[in-house]
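Below is one structure; the comments refer to it alone.
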Number of protein chains: 2
Amino acid sequence: MTNLTQTLSDQGVTHPDVRRSNLGLALRHLRDHGPRSRATLAADLGMTRSTVSTLVSELIERRLLTDGPLVQNAVGRPSTAVELDGRSVCGIGAEINVNHVSTMALDLRGDVVEERKLALDARSLDAALVLGHLADLVRETVACLDERGASTVGLTVGVAGLYDQTRDVLTHGPNLGWYDVPVGTILRSDLGGTFPVVVDNEGNLAAAAEVSPGDPGRQDILVLHGEIGVGGGIVSGGRLLRGSHGYAGEFGHMIVEPGGRQCGCGRQGCWETVSGLRALLEMAADPDDPIRNPAMALDDRLAEINRRAHLSDARTLQALEDVGVWVGIGAAILANALNPAAIVLTGYYAAVGHHMRSAVERELRAGVLAPDSGGTRVELSTLGFSAAVRGGATASLESVFADPTQVPRRAAVAGAVV
Amino acid sequence: MTNLTQTLSDQGVTHPDVRRSNLGLALRHLRDHGPRSRATLAADLGMTRSTVSTLVSELIERRLLTDGPLVQNAVGRPSTAVELDGRSVCGIGAEINVNHVSTMALDLRGDVVEERKLALDARSLDAALVLGHLADLVRETVACLDERGASTVGLTVGVAGLYDQTRDVLTHGPNLGWYDVPVGTILRSDLGGTFPVVVDNEGNLAAAAEVSPGDPGRQDILVLHGEIGVGGGIVSGGRLLRGSHGYAGEFGHMIVEPGGRQCGCGRQGCWETVSGLRALLEMAADPDDPIRNPAMALDDRLAEINRRAHLSDARTLQALEDVGVWVGIGAAILANALNPAAIVLTGYYAAVGHHMRSAVERELRAGVLAPDSGGTRVELSTLGFSAAVRGGATASLESVFADPTQVPRRAAVAGAVV
DNA sequence: ACTCTTTGTTGGGGCAACGCCCAAACTAAG
DNA sequence: CTTAGTTTGGGCGTTGCCCCAACAAAGAGT
């Protein structure tokens with residue numbers, strides 16, 4: 001039996017919905033399992049070849065698929081592989097951080113088409129001005145996509161702070177110095193409403209980027225994102241857990257050491273006071289050490305730490321060990337609650353993770369109730385600091401995979417002249 | 001647009017699926033919003049009256065609905081309310097605990113039809129024997145339901161321990177002294193396979209019981225279940241979060257006080273060492289106090305604690321305060337990670353919760369990043385210690401609401417003679 | 001050249017929702 | 001008491017979309 005919806009939507013299912021669902025199913029299957037012929041697609045999905053033929057031809061009309069190369073099998077008529085059309089639609093992700101705004105456009109296949117970044121100091125500028133700069137970047141990106149003949153299906157923006165998705169307002173953005181800013185509303189009015197604009201927490205989007213659709217080992221994961229603060233996201237059954245207001249994933253302010261160090265949030269013993277980048281730097285270097293100079297770029301600091309660790313500098317290794325222990329302690333708390341298949345370390349954790357990993361794994365084993373049978377893997381992200389924008393772009397594209405009919409039908413263009 | 005499935009099921013949607021989905025939708029709507037006429041049902045679901053008529057008549061043939069009383073409206077023809085038929089199908093929930101096995105049968109409306117309980121000492125008996133006793137209870141319940149003309153649609157069993165749902169094995173049951181026991185397989189072969197048998201963690205089922213279907217304020221909740229150990233469950237978007245192996249919700253072994261008290265699991269500083277029932281009893285009473293005598297029944301101990309608290313006994317109040325503080329600290333950790341709309345206290349927390357609540361709320365406010373905007377309510381469960389069996393029975397019934405066609409069609413019985 | 005195998009398309013049939021119509025049942029007037 | 005007005009619930013034909021069966025297309029092997 002095919003498992004139909006248990007969503008909250010309390011509307012009846014009609015025939016167009018069946019079509020939508022099956023179009024999306026075929027599209028997602030090709031994304032998750034790669035190009036293949038109509039016949040194998042039909043076999044995979046348990047549908048007839050005729051049905052798949054009509055689905056594929058509709059998706060081609062909507063320019064989401066293209067006929068690929070002819071594949072010679074051992075016997076029988078050769079098959080024409082169908083594959084995702086990367087050139088027609090793109091999703092845009094964006095990020096608003098203390099020292100920059102940036103955008104990234106991904107095509108249907110997940111390949112980067114465009115990337116833009118503007119350095120600025122969000123603290124010294126008005127929120128409206130910063131959002132104006134971001135809107136400029138987005139407009140440039142959209143124009144660039146138009147030139148290539150690609151249409152934009154959506155924009156998803158990650159902000160550093162607590163974003164209330166029920167009210168569409170950034171309620172607390174201490175790093176940016178923004179409070180109660182209706183980011184979504186402002187951007188929508190600024191951009192003119194030609195495509196949907198969604199705003200979410202940065203850590204949540206970074207977590208979404210780590211989900212490999214179709215990989216069963218990546219459906220229940222916990223993403224820990226380390227910078228000065230520590231955040232992340234929870235993915236359960238392939239879906240991001242947002243919580244009732246969208247505030248889920250604020251791991252940095254779990255109190256792991258009652259009465260411990262003073263945190264910037266005003267409390268004591270928050271996890272990020274012992275596992276954030278500041279804790280590492282203070283343990284690893286004296287105050288006059290260049291890596292503690294705020295002027296030094298983040299990438300350079302981390303490269304320097306890796307260099308020292310590689311040279312077996314005792315103090316650096318000890319600092320990484322100590323932070324790793326705390327990361328593992330916090331990870332174990334969350335693993336007991338969530339039982340993820342993997343914990344993915346991103347942000348600065350990914351950069352210096354090779355030297356922290358064993359400590360994290362040790363503490364995780366020590367702190368999890370059933371380490372042998374519930375075994376949680378520790379993995380390092382390869383996405384780097386662009387995880388949030390990538391996750392945003394992926395999220396924008398997700399709506400197309402859920403409902404391909406939102407992309408307009410066009411006459412099949414036979415060899416368009418460029 | 002109606003939101004169709006994004007489930008992992010990678011099979012195509014066919015017409016019978018549409019029917020299944022709409023039958024389930026109508027059935028759930030009547031469960032969640034109460035009896036109503038076909039016409040209002042059609043209006044609510046955005047379907048035509050004729051469609052709803054056929055859906056309802058099919059559900060009546062399957063004996064899931066019945067025509068209710070005629071309702072006189074202000075004008076026009078009076079409507080016949082349709083309502084859930086409580087007499088035809090029942091789901092059974094069961095529980096395996098240290099000192100008892102028990103069952104509960106619920107009808108479609110969620111009303112208790114049958115309840116059985118057998119006291120035993122699981123530690124001193126062989127697992128197969130205990131499961132045999134449980135199977136007896138289940139058989140008795142089924143026979144009793146048969147007599148009433150109700151059929152059993154499923155059995156869901158909660159066990160105290162880590163139940164690996166991917167392998168269908170209870171891997172760790174320290175309280176029961178059970179390790180690697182294939183509970184599901186044993187029960188299925190014992191019961192003969194006339195209905196599906198599912199096994200899950202006790203805390204997860206108790207959490208499932210707290211979800212009020214249709215209540216938007218109960219879709220993202222965190223359930224904390226206190227006994228000697230502390231467990232619970234996470235409900236996100238109305239669905240239970242199970243994690244990759246089904247081990248999610250083991251909150252009791254989160255380490256909240258590194259280097260703290262020794263726990264039965266071998267580690268130090270586990271949350272249940274400071275928030276479990278043992279911690280409360282040890283703080284509230286001397287070793288020779290009757291409430292610390294293991295022979296005393298749990299309910300009686302809690303009643304005595306409530307009595308003393310009501311008389312303003314200083315030591316009792318202080319103990320409740322201290323435990324409440326620790327419950328709040330742990331709750332805050334989880335609330336930062338999960339951002340639930342409500343935290344529901346069950347088990348012994350619910351019994352003595354009136355005297356702990358203010359401490360819990362205070363610490364929760366103190367430990368959550370944005371208490372004002374993300375406001376998490378603290379609620380006391382009213383289900384008592386039967387939450388797990390009730391949740392099991394509810395889970396068994398859930399399959400009917402998801403796919404009503406699994407219940408066989410019968411000829412419409414006109415006024416059956418009893 | 002002929003058969004065998006696999007692919008992709010075409011036409012007919014059936015299921016299920018939709019739209020429209022009508023009998024039924026009751027209220028509110030005249 | 002009759003008549004108009006309103007709402008309910010079911011029957012009939014239409015439409016959308018998937019399934020089944022048959023068939024043309026395109027090679028590989030003999």
Side-chain angles (χ1 to χ4, degrees), chain A residues 1-2 4-5 11-26 35-61 65-82 403-405 409 412, chain B residues 1-2 4-5 11-26 35-61 65-82 403-405 409 412:
Chain A
M1 173 196 97
T2 302
L4 263 196
T5 181
Q11 289 292 300
V13 177
T14 65
H15 283 131
D17 296 322
V18 173
R19 189 67 171 175
R20 258 194 284 274
S21 176
N22 283 338
L23 288 169
L25 188 68
R36 57 199 54 213
S37 71
R38 291 166 174 80
T40 50
L41 191 57
D44 292 348
L45 301 179
M47 302 161 82
T48 59
R49 293 202 303 276
S50 54
T51 303
V52 170
S53 264
T54 65
L55 290 173
V56 167
S57 64
E58 178 168 346
L59 289 170
I60 289 177
E61 276 181 48
L65 295 181
T66 46
D67 274 323
L70 261 75
V71 179
Q72 228 83 318
N73 293 326
V75 294
R77 174 176 165 179
S79 58
T80 55
V82 237
D403 173 19
T405 62
R409 244 167 152 139
Chain B
M1 171 194 97
T2 301
L4 264 194
T5 183
Q11 290 292 300
V13 177
T14 66
H15 281 131
D17 297 321
V18 173
R19 189 68 173 172
R20 259 193 285 274
S21 175
N22 283 339
L23 288 169
L25 187 68
R36 57 198 54 214
S37 71
R38 293 165 173 81
T40 52
L41 191 57
D44 291 349
L45 301 179
M47 302 162 82
T48 60
R49 291 202 301 275
S50 49
T51 303
V52 169
S53 266
T54 64
L55 290 173
V56 167
S57 64
E58 177 168 347
L59 290 169
I60 288 178
E61 276 182 49
L65 294 181
T66 46
D67 273 324
L70 261 75
V71 179
Q72 228 84 317
N73 293 326
V75 296
R77 171 177 165 180
S79 55
T80 54
V82 215
D403 174 20
T405 63
R409 242 165 155 141

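Lettering of chains follows the sequences in order, A, B, ..., and the numbering in each one begins at 1.
The C1' atoms of five pairs define one axis at each end of the helix from C:dA1-D:dT30 to C:dG30-D:dC1, and these two axes lie 10° apart (to 10°).
The two atoms that bring B:Ala26 and B:Leu45 nearest to each other are CA-CD1, 4.0 Å, heavy atoms only. Across all non-hydrogen atoms, the minimal contact from A:Pro78 to A:Gln72 is CB-OE1, 3.4 Å.
Shown here are the side-chain hydrogen bond (donor to acceptor under 3.5 Å, both in side chains) partners of B:Ser79, two or more places apart in sequence or in another chain: there are none. By the side chain to side chain contact (heavy atoms under 4.5 Å, CB included) test, A:Ser50 is found to be paired with A:Thr48, residues two or more places apart in sequence or in another chain being considered. With sequence neighbours excluded, no residue satisfies side chain to side chain contact (heavy atoms under 4.5 Å, CB included) with A:Val75. By the side chain to side chain contact (heavy atoms under 4.5 Å, CB included) test, B:Thr66 pairs with B:Glu83, B:Asp85, sequence neighbours left out. Partners of B:Ser53 according to the side-chain hydrogen bond (donor to acceptor under 3.5 Å, both in side chains) rule, which considers only residues two or more places apart in sequence or in another chain, do not exist here. Legend: residues meeting side chain to side chain contact (heavy atoms under 4.5 Å, CB included) with A:Arg77, ordered by chain and number and at least two apart, are absent.
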Checklist entry - After noting the C-alpha distance and the side-chain angles of A:Arg19 and A:Thr54, does the key distance pass the side chain to side chain contact (heavy atoms under 4.5 Å, CB included) rule? => result CA-CA 10 Å; A:Arg19 189 67 171 175; A:Thr54 65; 3.5 Å; yes
Item to check | Step-by-step side chain to side chain contact (heavy atoms under 4.5 Å, CB included) determination, B:Leu41 to B:Val82 | outcome: CA-CA 9 Å; B:Leu41 191 57; B:Val82 215; 5.5 Å; no
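Listed by first and then second residue, the salt bridge (Lys or Arg N to Asp or Glu O under 4.0 Å) pairs that reach into residues 66-75 of chain A are A:Arg38-A:Asp67, sequence neighbours excluded.
Here chain B contacts DNA chain D (any atom closer than 4.0 Å to a heavy atom, that is under 4.0 Å), and the contacts span D:dT6 to D:dC19 from 5' to 3'.
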Checklist outcome for this item: Protein heavy-atom contacts under 4.0 Å, written 5' to 3' over nucleotides 9-17 of chain C as B (base), S (sugar-phosphate only) or - (none), form the string BB---BBBS
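With hydrogens and angles ignored, the 3.5 Å screen pairs a side-chain donor or acceptor of B:Asn22 with a backbone N or O of A:Val13.
When heavy atoms are screened at a 4.0 angstrom cut-off, B:Ser57 is found touching no nucleic acid atom at all.
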Pairwise N/O distances under 3.5 Å, protein to nucleotides 25-27 of chain C:
none

